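Read through the structure below, which is laid out as structure tokens, and then see the notes.
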Amino acid sequence: MYFIFEISFQSNKHYMKALIDAYAKEVEMEVEVVQTAELIALIFQEGDTKIESFLLGLDARLPASLYLGKSKHYFSQTKPPYVAITPFEVPLNISLCPSCQKEMFDVSSRRYYYPFTSCRACGGQHPFVTSYPYERKNSTMKFLVPCASCQEELEKNPLRASYPLISCIECGITVKMNDKKSERYANDKGSYRKLFEVSAGALKKGKSVLMKTLNGYRKFYAPSADVVSSETMVLMNDANALNKHMMMVTQEFNALLSIERPIVRVSTKSDEMKAYFGSTALLKYPDDGMTMLLARECMNAGLSYLFFEEASSQSEADFLVDFDIPIQTQKDTKIFINQDRHFFITGERIVYPAKVATYKEVVSVAHGLAGVQQGDGILIDTLSRFSTMDTPQVNVLQGEPFQSGHSNERHFEGYQSAMLSILAEHQQLQKKAVGIHFDSSLYFLYYNAKEVINVVPPNPFDATNMFEHIATLREGSDRLVENYQKAYPKLSQRLSTLGEDADLFRVTAMMLGLKDESFEGISAEALSFLGKGGIQIDTRVENNRFDNYAFLASIMSYQLGGVESTLIAYSIYESFGDYIGEIISQLMEKTGAVTITLSGETFANQALYARIERHLGRRTLLYPKNYPIGCESDVHGGIFL
């Protein structure tokens, strides 16, 4: 008889299993740990008296995670027939596990205030790795020789057994600070803490601090209206301050504090936060050793949150905190949350590297990422990390600045790979499906179980002669343009100077007078609307194809009529949802498909999401699970062409 304890963990990542295995080895617990695509199962012998204490101890060792769900337990005469996924060690780029956090804040530890603390199951490993296989000699830490204590850990500490990037204060990376007058180095416990204490003190006094983190350079400020821009995010130093300043659901709170630490757009609550950002703000909880130590000292200095923006080594600041070891950063990841559903919007961190269990002999390249055969599957990571690509076929995203020189190089479109990525994740490649791909353009797709067909292609959009196009739409459109240019002369002049690279959402954001002239700016504005229903925005004219210029003309008409930008922004997504629901219903009827895929980061909008669920919620809707709904899924989908 067996006692089975199952934890829902819907991910292809292995760090949670690694933590369980390490803890079991540490306490000498006999347990078989199996990870499947949906869960982690712990299989005990019935009657083992150590089970209860082991599970209680495990609860303190496991971090919160985006992928963790409910748990259950039961007895079984036989071992369940789990289909295990094969562990594959890849360099992680997540926050710290509870054990490493405890070590970093324990004054008796060799890693007290050492920002590069990590283990096999956590921390910023990926930034140091230069190539595969994942070994120390293939990292920028190869010239740092582990000290005697670290060498001992490699043999005796289950969390760091054979860990390629092991280090501590004695043998690790030195951090330095420059205030344009002098330079100080951190090379022992006291000087490490002092460096972060000085950084927090400078921020408290209104100075700016440019800090190299494992996720790139970030420029930090104390909260001030003077520094807020469309690029500004909030680093929440104190979790207790979240409820004071932000209006959050449980799922958003859990995501922010998860070991994955994504960026989350959250509704503001306090008057001071509303004054800075309006109705929503982009939030981040400290995600690596550098930001965690800075946050701790900022809390001690009375700063419950900071403002920051992504920067470069050349960015101007009052203080610079840096280290000499080269790193290669990843694009940070944003997440969309609606009740119990969440998906990554865009980004590389957390998502990649990823192992795809397939024996297809193909290389896929998109957005600087590559999927290359490694052992019994395809490993996806930054293109530069792969030195050789021995393959009979190379699939490359259309427009990608990469030339393989391969005799069998095929090109694909982003809408194709996005749909295939979702179907592959849900194991639906053998079935017909319809799809919507919505980035800067709107595509309606049909998959016939062999290839993706663009059945309702988008009309082209060129902002260069936008007003000329609008003026010829229908009778009276010329007067609309004339009245609009008179009412908004400066804006009209700006719009008239745009080139063909300006997409529809940037033009729309400019028309609405938003500070953030992007899709995200419109999305944030839509969240500010507190009414119950929107107005109808023109989304199509003939042949069921969305018309960009009719859409903009509709917005111009409402603006001339005095309609507020929040209502227009909200109505844009409602109208898109109505249009999409109508076209998809027609396509499903014609094709007989019962499955719908949704891709493109435009779907990361609460109003549009709600409208889609209203029209199509009873159908089988497939969203991505482990990959972003945005363009970073293209490299994954490109494998399955």
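Bear in mind the structure is a predicted one, so any value in this text is a computation, not a measurement.
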On the 0 to 90° scale, with breaks at 30° and 60°, tag the [X]-[Y] ring pair as parallel, tilted or perpendicular.
| X | Y | answer |
| --- | --- | --- |
| Y352 | Y627 | tilted |
| F505 | Y573 | parallel |
| Y623 | Y609 | tilted |
| F116 | F128 | perpendicular |

So does [Y] get a backbone contact from the side chain of [X], meaning a donor-acceptor N/O pair under 3.5 Å?
| X | Y | value |
| --- | --- | --- |
| T508 | L504 | yes |
| S421 | H636 | no |
| K355 | E89 | no |
| E252 | V249 | yes |
| D59 | L62 | no |
| K70 | I7 | no |
| K269 | N243 | yes |
| N93 | H126 | no |
| K432 | T591 | yes |
| N138 | P133 | yes |

### Query
Out of curiosity, H411 NE2 to E409 CD, how far, rounded to the nearest 0.5 Å?
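Between atom NE2 of H411 and atom CD of E409 there are 4.0 Å.
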#### Entry: Pairwise distance CG(L598) to CG(L622) - rounded to 0.5 angstrom
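Output value for this atom pair is 8.0 Å.
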#### Entry: side chain to side chain contact (heavy atoms under 4.5 Å, CB included) partner of Y415, the single match among D439, D634, N454, L442
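The side chain to side chain contact (heavy atoms under 4.5 Å, CB included) with Y415 is passed solely by N454 among D439, D634, N454, L442.
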### Task
Sort out for me which residue in I345, V351, T333, I335 forms a side chain to side chain contact (heavy atoms under 4.5 Å, CB included) with P628.
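So the option named by the test is V351.
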### Query
When you look at R265 and E520, which way does the salt bridge (Lys or Arg N to Asp or Glu O under 4.0 Å) test go after all the steps?
CA-CA 10 Å; R265 182 172 287 281; E520 194 160 79; 3.5 Å; yes
### Message
Under the criterion ring pair (Phe, Tyr, Trp, His ring centres under 6.0 Å), I'd like the reasoning laid out for Y74 against F5: C-alpha separation, chi angles, the key distance, then a yes or no.
### Response
CA-CA 7 Å; Y74 59 92; F5 187 84; over 10 Å; no
### Message
According to side chain to side chain donor-acceptor pair (under 3.5 Å), who are the partners of S599, at least two apart in sequence or on a separate chain?
### Response
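Checked S599 against side chain to side chain donor-acceptor pair (under 3.5 Å); matches are H437.
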### Message
So, using side chain to side chain donor-acceptor pair (under 3.5 Å) as the criterion, who are the partners of D578 when residues are at least two apart?
### Response
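Scan of D578 (side chain to side chain donor-acceptor pair (under 3.5 Å), adjacent residues dropped) gives R611, H615.
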### Pair listing, ring pair (Phe, Tyr, Trp, His ring centres under 6.0 Å) test, anchored in residues 377-396, at least two apart
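For residues 377-396: Y132-F386.
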### Query
Using the benzene-type ring in the case of Trp, are the ring centres of F343 and F603 under 6.0 Å apart?
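When the ring centroids of F343 and F603 are compared, they turn out to be at least 6.0 Å apart.
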### Task
Compute the ring centroids of F576 and F546, then answer whether they are less than 6.0 Å apart.
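Under 6.0 Å, so yes.
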### Message
Could you check whether K331 and T346, counting side-chain N and O atoms only, form a donor-acceptor pair closer than 3.5 Å?
### Response
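A donor-acceptor contact under 3.5 Å links the two side chains.
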### Query
Can S258 and E260 be counted as having a side-chain donor-acceptor contact under 3.5 angstrom?
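Present: a donor and an acceptor within the cut-off.
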### Query
Should H73 and F3 be marked as a ring pair (Phe, Tyr, Trp, His ring centres under 6.0 Å) after you check the CA-CA gap, both sets of side-chain angles, and the distance that decides it?
CA-CA 7 Å; H73 63 271; F3 176 75; 5.6 Å; yes
